Amino acid sequence: QFQLVESGGGLVQSGGSLRLSCAASGFSLVDYAIGWFRQAPGKEREGVSCISSSSGTTNYAASVVGRFTISRDNAKNTMYLQMNSLKPEDTAIYYCAVERGYSCSGYIQGARKFSTWGQGTQVTVSS
């Protein structure tokens, strides 16, 4: 059974940091693109970052460049999103997602390109 389990969300002050984790079970992340998405109240789900399945190229939304870092640990079958210098506008539910053999092309508005999702974790940044 394919499953992604997220952890690491919470409440943090502006300028603080959080690290989100997403552990995969039932399959290996090795051949999968991994992505992190977020959805704020009243807004559509948007891509934050993505690592392609083949080249391992990392991609970031303009709003998080220089502040967020995506990574994967294949040995632990876990993916991460390190979030630094958090801002109130980063407040959202964050989701991890994977898709086999995906290049990350168009991922920012491409939530439908991912077939397996975590349950989501709330990140709240206070001003």
Side-chain angles (χ1 to χ4, degrees):
Q1 181 179 1
F2 282 28
Q3 190 174 16
L4 297 174
V5 178
E6 299 183 45
S7 60
L11 173 64
V12 65
Q13 289 187 335
S14 181
S17 299
L18 285 173
R19 188 176 81 155
L20 305 183
S21 300
C22 178
S25 61
F27 69 104
S28 171
L29 285 175
V30 171
D31 295 324
Y32 285 76
I34 62 174
W36 285 96
F37 289 76
R38 66 186 180 187
Q39 188 165 17
K43 295 188 177 181
E44 292 189 357
R45 192 169 300 189
E46 63 174 359
V48 173
S49 186
C50 184
I51 296 180
S52 66
S53 61
S54 55
S55 66
T57 302
T58 56
N59 304 268
Y60 296 96
S63 59
V64 307
V65 168
R67 300 189 298 123
F68 290 12
T69 302
I70 190 172
S71 63
R72 63 196 300 166
D73 185 332
N74 289 336
K76 295 183 178 180
N77 218 28
T78 300
M79 52 196 278
Y80 304 96
L81 185 68
Q82 177 66 44
M83 305 185 294
N84 298 329
S85 302
L86 283 161
K87 305 175 181 180
E89 52 263 44
D90 294 319
T91 295
I93 298 174
Y94 282 70
Y95 299 88
C96 59
V98 299
E99 182 62 28
R100 189 181 182 95
Y102 178 46
S103 68
C104 294
S105 175
Y107 78 96
I108 291 180
Q109 284 85 37
R112 294 181 180 179
K113 298 180 184 291
F114 288 82
S115 57
T116 303
W117 290 82
Q119 80 280 12
T121 186
Q122 177 70 46
V123 172
T124 303
V125 185
S126 62
S127 58

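Starting from 1, each residue takes its place in the sequence as its number. Keep in mind it's a predicted model, so treat the numbers as computed, not measured.
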Side chain to side chain contact (heavy atoms under 4.5 Å, CB included) assessment of Arg38 paired with Val64: CA-CA 12 Å; Arg38 66 186 180 187; Val64 307; 4.1 Å; yes
CD/Gln109: more than 12 non-hydrogen atoms of other groups inside 6.0 Å: no
Closest non-hydrogen atom pair between Trp117 and Ala111, with its separation: CZ2-O, 3.2 Å
Does Met83 reach the side chain of Asp90, with side-chain heavy atoms less than 4.5 Å apart? no
May I ask you to test the Thr91-Gln122 pair for a side-chain heavy-atom distance under 4.5 Å? yes
Could you tell me whether the side chains of Ser55 and Thr57 share a donor-acceptor contact shorter than 3.5 Å? yes
Atom pair CD (Glu89) and OG (Ser14), whose distance is rounded to the nearest 0.5 Å: 7.5 Å
Minimum side-chain heavy-atom gap Tyr107-Lys113 below 4.5 Å: no
So Leu4 and Phe27, side chain to side chain contact (heavy atoms under 4.5 Å, CB included) or not? Walk me through it. CA-CA 10 Å; Leu4 297 174; Phe27 69 104; 3.8 Å; yes
Nearest 0.5 Å, what's the CD1-OG1 distance between Ile51 and Thr58? 6.5 Å
If hydrophobic clusters are built by linking Ile, Leu, Val, Met, Phe, Trp and Tyr wherever their side-chain heavy atoms come under 4.5 Å apart, do Tyr95 and Tyr102 end up in the same one? yes
Working to the nearest 0.5 Å, report the span between CD of Glu6 and OH of Tyr94. 11.5 Å
Any donor-acceptor N or O pair under 3.5 Å, side chains Gln13, Ser126: no
Let me confirm one number: the CZ-SG distance from Arg72 to Cys96, rounded to the nearest 0.5 Å. 12.0 Å
Quick check: closest heavy atoms across Thr78 and Ser21, and the distance to 0.1 Å? CG2-CB, 4.4 Å
Do Ser49 side-chain atoms and Asn59 backbone N/O form a donor-acceptor pair below 3.5 Å? yes
If only side-chain N and O atoms count, and only distance matters, is there a donor-acceptor pair under 3.5 Å linking Asp31 with Ser53? no
Ring center gap for Phe68 and Tyr60 short of 6.0 angstrom: no
Hydrophobic cluster membership, Val65 vs Ile34, 4.5 Å side-chain cutoff: yes
Please tell me whether Phe114 and Phe2 are part of a single hydrophobic cluster in this structure, the criterion being side-chain heavy atoms less than 4.5 Å apart. no
Report yes if some heavy atom in the side chain of Thr121 is under 4.5 Å from a heavy atom in the side chain of Ser7; otherwise report no. no
Over all heavy atoms of both residues, which pair between Cys104 and Ser52 is shortest? Give the atoms and the distance, please. SG-N, 3.3 Å
Apply side chain to side chain contact (heavy atoms under 4.5 Å, CB included) to the pair Val98 and Met79, showing each step before the final yes or no. CA-CA 10 Å; Val98 299; Met79 52 196 278; 4.1 Å; yes
Nearest-0.5 Å distance that lies between atom SG in Cys50 and atom CH2 in Trp36: 12.5 Å
Do Leu86 and Tyr80 sit in one hydrophobic cluster, given that two such residues count as connected whenever their side-chain heavy atoms are within less than 4.5 Å of each other, even indirectly? no
Nearest 0.5 angstrom please: Glu99 CD to Arg112 CZ, how far? 14.5 Å
Find out if a path of hydrophobic residues (ILVMFWY) with successive side-chain heavy-atom gaps under 4.5 Å connects Ile93 to Ile70. no
